[in-house]
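Shown next, in structure tokens, is the structure this report addresses.
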Protein chains: 4
Amino acid sequence: MEPPTPHKRTGRPRSAEADRAILGATREALVELGWGKLTLSDVAARAGVAKTTLYRRWAGKNELVVDAIAALFEEQLDLPDLGSLQADIRGVVLRFAGLLDHPAIRTGLMAVVAEATHDDALRLRIREAIVDRQKHLVLLGRARAQSRGEIPPDDTDPALTARDADLIFDVIAGSVVHRVMVSATPVDDDWADRLALLLVLGLSGVRR
Amino acid sequence: MEPPTPHKRTGRPRSAEADRAILGATREALVELGWGKLTLSDVAARAGVAKTTLYRRWAGKNELVVDAIAALFEEQLDLPDLGSLQADIRGVVLRFAGLLDHPAIRTGLMAVVAEATHDDALRLRIREAIVDRQKHLVLLGRARAQSRGEIPPDDTDPALTARDADLIFDVIAGSVVHRVMVSATPVDDDWADRLALLLVLGLSGVRR
Amino acid sequence: MEPPTPHKRTGRPRSAEADRAILGATREALVELGWGKLTLSDVAARAGVAKTTLYRRWAGKNELVVDAIAALFEEQLDLPDLGSLQADIRGVVLRFAGLLDHPAIRTGLMAVVAEATHDDALRLRIREAIVDRQKHLVLLGRARAQSRGEIPPDDTDPALTARDADLIFDVIAGSVVHRVMVSATPVDDDWADRLALLLVLGLSGVRR
Amino acid sequence: MEPPTPHKRTGRPRSAEADRAILGATREALVELGWGKLTLSDVAARAGVAKTTLYRRWAGKNELVVDAIAALFEEQLDLPDLGSLQADIRGVVLRFAGLLDHPAIRTGLMAVVAEATHDDALRLRIREAIVDRQKHLVLLGRARAQSRGEIPPDDTDPALTARDADLIFDVIAGSVVHRVMVSATPVDDDWADRLALLLVLGLSGVRR
DNA sequence: CCATAAGCGAGACGGTACGTCACGTCTTGTA
DNA sequence: TACAAGACGTGACGTACCGTCTCGCTTATGG
């Protein structure tokens, strides 16, 4: 969440307060207006900040929204120990779905992902700011399950380990997003249950 | 693909050639520029058509882009019988990933999905034009697996049946989309294999 | 005064009304605000016209102000026959000074001349729009004086003729401008009288 | 040239070097960019000085540029005795035109004059720093001509005397400036000759 | 068979937001 | 206290697209 464009040592330092206000105003505007109607002028006005201050820190709408959303992910997603692998998966699914319940997050996230299909720098930024930070949840869940004896200990080959984590991550995140965005059906306890069960059963043998 | 706004009989008829040129130009521009930078003036120029001609047929950017993308999904996917449930899943995963390999489809699909997050009519249109056409594959695959004896016959409750099909559909489609769009890693044979295995194992017990 | 950038035959024609409104608004704003505070956005607003319409016709503030002032010169400067060469000169001096009495014209004219010292295109535009159109007054005045027998008929060499006209023009215009701008003393009847007398006497022998 | 805003004794003294660098950079930028495009940030950068240093000494663009230009007019013009009134006039015309040959003087002088049209303090400053210093040449020239017997001795009324000197000054200076700035034609020997002749002849009778 | 009614290209129009620039002020750390 | 550096709020800039609106012209049908 710190300013993405760091600066030299000299001169007046950038206001950290401004950063906070801007990201907050961005989320607020995103909720009220949605991606399409959100304008940087409006964000600046809401944050009580000059437009130039905003452009000094972010290159454009995409970058700003990525950071604004990333901050939400940061604070919203964690993985409380619910006692079993299935319960842990169920928990993270519901939590993720809860995030996507905010219309602004839903819209903003999809919009930047869409833009990222033809903007590699943007895709990289999304990866760093949002995706990679959540992937550790998968690793954490697996470690817990191993310590509980629910799944066998790690492969000796770390490449295989990472490969499997990536698969699980794509399945969990992708399923939830597709459910919410495309099927446009809410993620309820029952659905989360069944997805968690599917994964727990499947995981038992996915390693070859 | 015919003009969505039909017109009276009299006067000079609308040029069908223009419709084709506009939709083609839209897809082309979408790939090059993405949703955000795509402008209707540019589309008109590419199509060799006046802006008025374009606005006579479509109400705005959303409608135009959805139509342009929907045309790409006209033909239904099919599901050749590959001998086992796992092979069938693997097949449909690779086939779907193949679709997303086209830049026009990748960019366009994400763009309209993003837009649909705050446009219910648009979401409905996507459902009808794109999603529902593919969902029958899940049902077909299950029927085959049942006839092979790989999974037990249908629940007596058709609601439960539909519920499960929806889950599978969200998992398959969502995982592939997330892999391609967010993780930005190609879907290869190995990944498809592992996803199919995960599902086959998981399906054995997901029914309660 | 017609649009400086002519256009093709096709498409919607430019509004002549807009041109009139813009030039009028420019003069009005020039009077109220002066050159420095005059903004094109404000001019557009006064004229009830979009900023784009303004930029479609003029490249910038300088060009616009030149045209706005030129129109004033056009309508204000003429040369009524006052019966003698001295009276005619006196008349044009007072008339020119009257123009420079408007603070906005004074400011605007000097500002564009100052800018023109390092902008050849602008200098050319000033020449064409303002200076050259007034120079004919010198020729007209001379012709009248010759027909009255106050000065001898033209040289047979037209180059010499033009050379002399240029000298007279620089002296009259320059003296008035210097009096008003630099000496900051009003041009009154007495001063005009004495300048006219100086010139009439001087002209009697300036030709060699 | 000393800092117009004097300061207290205590603390670090202001750098005289900075003053020189700033005024030099201002003249340089004025020639390159003209009044309109000249920016104080740019001047500061050229002078290797911070903007604060600049604003500590001058209140704004106007004040800075006037000081920068005034320094060029420090040394007074003189008037060598060339043997006749006409030759003396010719000499001062060429000398003044020579001054306007420097691009910095040409541009800067016009710029401050333009600015002075709506800034009385600025006009006063120009009068004191530039104009009045040159006006004594007119008086000197007249005295010489009188001692040569070329023109009659002074009026008994000193007001009339000053009045005539002002007229001559406006005519000479104004004509040269108009020739150089507006007509954008160089002042050559021939033009100076003819202007001087015009004045000598005219002066013979301008007194009433 | 030609009048009517639309379609069409071109491009101007009133808007709105953009992203940039310079202004003049301020807040740092260093001299 | 001066100074270099540079962030800050402000406000105009000139541009880009939006969706609408004339224009003058073309192309089908139907009275």
Side-chain angles (χ1 to χ4, degrees), chain A residues 3 7-15 17-18 37-42 44-45 48-61, chain B residues 7-15 17-18 37-45 47-61, chain C residues 3 7-15 17-18 37-42 44-45 47-61, chain D residues 7-15 17-18 36-45 47-61:
Chain A
H7 57 287
K8 314 294 159 85
R9 197 58 57 91
T10 171
R12 177 174 172 176
R14 290 191 176 164
S15 157
E17 178 54 41
K37 311 264 173 189
L38 181 151
T39 73
L40 295 205
S41 307
D42 183 68
V49 141
K51 239 189 332 170
T52 40
T53 298
L54 207 154
Y55 280 106
R56 217 170 273 124
R57 292 163 159 80
W58 287 277
K61 201 162 149 174
Chain B
H7 58 287
K8 314 289 172 114
R9 277 307 154 80
T10 171
R12 175 174 171 176
R14 289 186 178 167
S15 154
E17 178 53 40
K37 312 255 171 191
L38 180 149
T39 73
L40 295 205
S41 305
D42 182 65
V43 169
V49 140
K51 261 198 306 176
T52 32
T53 300
L54 205 154
Y55 278 106
R56 210 171 282 121
R57 292 160 159 83
W58 288 277
K61 199 162 150 173
Chain C
H7 58 288
K8 315 294 160 85
R9 197 57 58 91
T10 172
R12 177 174 172 175
R14 289 190 177 165
S15 156
E17 178 53 41
K37 311 265 173 188
L38 181 152
T39 72
L40 295 204
S41 307
D42 182 69
V49 140
K51 239 192 328 171
T52 39
T53 297
L54 207 153
Y55 279 106
R56 218 171 272 124
R57 292 163 160 80
W58 287 278
K61 201 164 149 172
Chain D
H7 58 286
K8 316 288 173 117
R9 277 305 154 81
T10 169
R12 173 172 169 178
R14 289 186 178 169
S15 154
E17 178 53 41
K37 311 256 171 189
L38 180 149
T39 73
L40 296 203
S41 306
D42 182 65
V43 168
V49 141
K51 263 197 303 176
T52 32
T53 300
L54 205 153
Y55 278 106
R56 211 171 282 121
R57 291 163 161 81
W58 288 276
K61 200 162 151 175

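A note on names: the letters A, B, ... follow the listed sequences, proteins ahead of strands, and every chain is numbered from 1. These values consider heavy atoms only, across backbone and side chains, with no hydrogens, waters or symmetry-generated copies.
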Sugar-phosphate only, base, or nothing, as touched by G36(D) at under 4.0 Å among non-hydrogen atoms: nothing
Sugar-phosphate only, base, or nothing, as touched by G60(B) at under 4.0 Å among non-hydrogen atoms: nothing
Upstream residue (5' side of DNA chain F) when S15(A) and S41(C) are each assigned their closest nucleotide: S15(A)
5′-ward residue of the pair L40(C)/D42(B) relative to DNA chain F: L40(C)
Under 4.0 angstrom between R57(C) side-chain N/O and dC13(E) OP1 or OP2: yes
Phosphate OP1/OP2 of dT16(E): any T39(A) side-chain N/O under 4.0 Å: no
Pairwise side-chain contact, Y55(D) with L40(D), heavy-atom cut-off 4.5 Å (strictly under): yes
Minimal non-hydrogen separation, R56(A) against R14(A), with atom names: O-NH2, 3.4 Å
Which residues share a side chain to side chain contact (heavy atoms under 4.5 Å, CB included) with A50(D), sequence neighbours left out: T52(D), T53(D)
Listed partners of A44(A) passing side chain to side chain contact (heavy atoms under 4.5 Å, CB included), at least two apart: K51(A), L54(A)
Nearest-nucleotide comparison on DNA chain E, the residue closer to the 5′ end among L38(A) and A18(B): A18(B)
Position toward the 5' end of DNA chain E (nearest nucleotide), T53(C) or K61(A): T53(C)
Closest to the A50(B) side chain, choosing from dA10(E), dC18(E), dC3(F): dA10(E)
Out of dG19(E), dA4(F), dC8(E), whichever nucleotide has its closest atom nearest the side chain of R56(B): dC8(E)
Per-nucleotide protein contact string for nucleotides 25-31 of chain E, where B marks a base within reach and S marks sugar-phosphate only (heavy atoms under 4.0 Å, - for neither): BBBB--B
End axis versus end axis in the helix from dC1(E)-dG31(F) to dA31(E)-dT1(F), the angle rounded to 10°, five pairs used at each terminus: 10°
